[in-house]
Amino acid sequence: MDRVIQDLRGLVAAADPGTRLPSVRELTARHQASPVTVAEAVRQLVAQGLIETRPGKGTFVAALPDERRMPDLSWQTVALGARRSGEDEMQALLALPRPGAIPLSGGYLDADLQPAAALGAALARAARQPAAWQRGPAEGREDLRAWFAREAGARLRADDMVICPGGQAALSSALRGLAAPGDTLLVESPTYLGALAAARAAGLRVVPVPADADGVLPDQLAAAFARTGARLFYCQPLYANPTGATLAAHRRREVADAIRDAGAFLIEDDYARDLTIDGEAPPPLAADDPDGHVIYLRSLTKSAAPGLRVAAIGARGPAGARLRSARLLDDFFVAGPLQQATLEFVTAPAWTRHRRALRTALRTRREALLTALRRHLPGLAPPTIPRGGLHLWARLPDSTDDVALAAAAAAEGVIVFPGRPWYAAEPPAPHLRLTYAAAPPDLMEEAVRRLARALRQETTRS
């Protein structure tokens, strides 16, 4: 094959664009090669853009772009207008670490923690069933929706749920379906930066509400509703990202009262339901919501694998109808084989085994990171340890530039994420979000050593 490719390359180099090249039959005879070999050589050069085939006419030297004229794309700046806020932060959050760097950032499990074999087997079985490739209900398989409904508690039914391609898609649809551009969205402060980006992309005005280690402050939430007239509050009551806080039992009723009194909706992002490390997680807020104020969102991506882009969002009454309409307009439905594989996985013993193993592994990694922090950077060890989730929220010295520190840490070979983008307004203090699920425990010590060097450099520089 190499001889055929080199021969064709030489002919292309010596000919003008559009020149006809020898046929497959001629090349077969010239090189004493099989037609399959010649066809593969032609295919490779077509893929490289050097030649082109014209059905019924033959093979020709490809027309090369005019490299003498540099394209002028400046007009696009005017046509597109201002760039949306938060896009750079989202790209940085999802960026893959460079080789050799130790990731203490990211929102997904390390590959070693993912149930790849069980997921692969389930997907292979689903893909072999012709019915899985047919169009199903736009809102998703009823049996999968029923599973998500049971996980949310007794209030929601299968008919209230809609299957979505990941939690971010579900959240974006909810914000567009339940609010109009110019409306106000209340959020915990700090909160998931993907929610901030989705809200701004939907044209919403984002107003932060203070939170602490016990979750959002109910009196501040009620005051924010009264002051802004908002009708929508986004909340992560379980192992919130980035702080790891869980809404305390004594605040759950107060938060529910504030929502009810305002005639508002609460979007409950229950992304970490399967990431409990210590004890048992409290039930979702949706489980104690008699009058349909809670919009329930549950994703499997964080607790299983990034490629399992399956989530569900549910609501009762007209709100549920609007969510289903919003999802239909976005992408019709989630791929049938993926839905079927997901249902098989979460209803099989493999799911229970995975969650049990994950609890142990996350505890080991969390403790390894905490031990390294207490040894090398004791001031960054959080006073309250999250009982689940993927992250630690580390308070930095007041004079620290968290963005500059993250850049310095990357230069030292450890990837961390600054706290600033997680705030809807000015941050009250600098922080880092440190993820313990993205690197093995035996690398935590070295990761924190590198972070300590970066912090010393930034402290000296400032």
Side-chain angles (χ1 to χ4, degrees), residues 94-97 99-134 136 140-141 143-148 150-151 163-170 239 241 270-278 280-281 298-312 333-369 388-391 415 435-444 447:
L94 295 174
L96 296 174
I102 304 175
L104 293 185
S105 181
Y108 302 106
L109 298 177
D110 183 12
D112 292 341
L113 304 181
Q114 299 169 21
L119 288 172
L123 186 58
R125 287 189 292 270
R128 289 194 296 267
Q129 299 182 32
W133 295 96
Q134 303 306 310
R141 293 177 59 120
D143 42 11
L144 183 56
R145 288 184 283 119
W147 182 86
F148 276 108
R150 289 193 299 272
E151 292 285 302
I163 305 300
C164 310
Q168 188 68 26
Y239 318 136
N241 181 10
D270 202 20
Y271 85 100
R273 176 63 44 184
D274 305 305
L275 301 174
T276 297
I277 298 175
D278 303 322
E280 297 300 323
R298 170 82 178 275
S299 172
L300 297 174
T301 304
K302 302 291 188 182
S303 56
L308 189 64
R309 305 301 302 171
V310 173
F333 50 82
V334 176
L338 190 57
Q339 290 191 60
Q340 184 165 330
T342 300
L343 179 67
E344 179 179 327
F345 176 62
V346 298
T347 57
W351 175 236
T352 301
R353 290 195 298 269
H354 167 64
R355 287 190 300 171
R356 187 184 305 120
L358 184 58
R359 175 189 286 247
T360 300
L362 290 179
R363 180 182 294 113
T364 299
R365 294 180 182 225
R366 184 191 63 183
E367 295 310 311
L369 179 54
L390 305 174
H391 316 291
I415 309 301
T435 301
Y436 47 79
D442 57 356
L443 291 182
M444 296 298 183

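Count residues from 1 along the sequence. Below, all heavy atoms of this structure are taken into account, side chains as well, without hydrogens, waters or symmetry copies.
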Side chains of [X] and [Y]: closer than 4.5 Å at any heavy-atom pair?
X      : Y      : answer
Thr435 : Ile415 : no
Leu104 : Met444 : yes
Asp143 : Thr347 : no
His354 : Leu119 : no
Val346 : Phe148 : no

Quick check for you: to the nearest 0.5 Å, what is the distance between [X] atom [atom1] and [Y] atom [atom2]?
X      : Y      : atom1 : atom2 : answer
Leu275 : Leu362 : CG    : CG    : 6.5 Å
Leu390 : Ser303 : CG    : OG    : 9.0 Å
Leu308 : Lys302 : CG    : NZ    : 13.0 Å
Glu367 : Arg363 : CD    : CZ    : 8.0 Å
Leu358 : Ile277 : CG    : CD1   : 8.0 Å

Closest approach of [X] to [Y] (non-hydrogen atoms, all atoms of both residues):
X      : Y      : result
Gly167 : Ser299 : N-OG, 3.8 Å
Ala126 : Ala341 : CB-N, 3.9 Å
Phe345 : Ala118 : CE1-CB, 3.8 Å
Leu113 : Ala361 : CD2-CB, 3.5 Å
Ala438 : Pro103 : O-CG, 3.4 Å
Val334 : Pro165 : CG2-N, 3.6 Å

Does any N or O in the side chain of [X] come within less than 3.5 Å of the main-chain N or O of [Y], such that one atom is a donor and the other an acceptor?
X      : Y      : result
Arg309 : Gly166 : no
Tyr271 : Tyr239 : yes
Arg365 : Ala439 : yes
Gln339 : Arg141 : yes
Trp133 : Ala127 : yes
Thr301 : Pro306 : no

Do Glu151 and Arg273 meet the salt-bridge criterion of a basic N to acidic O distance under 4.0 Å? no
Residue among Arg298, Arg359, Arg356 satisfying salt bridge (Lys or Arg N to Asp or Glu O under 4.0 Å) with Asp274: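 Exactly one pass, corresponding to Arg298.
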Ring-plane angle category for Trp147 and Trp351, please: parallel below 30°, perpendicular beyond 60°, tilted otherwise.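 Trp147 vs Trp351 ring planes: perpendicular.
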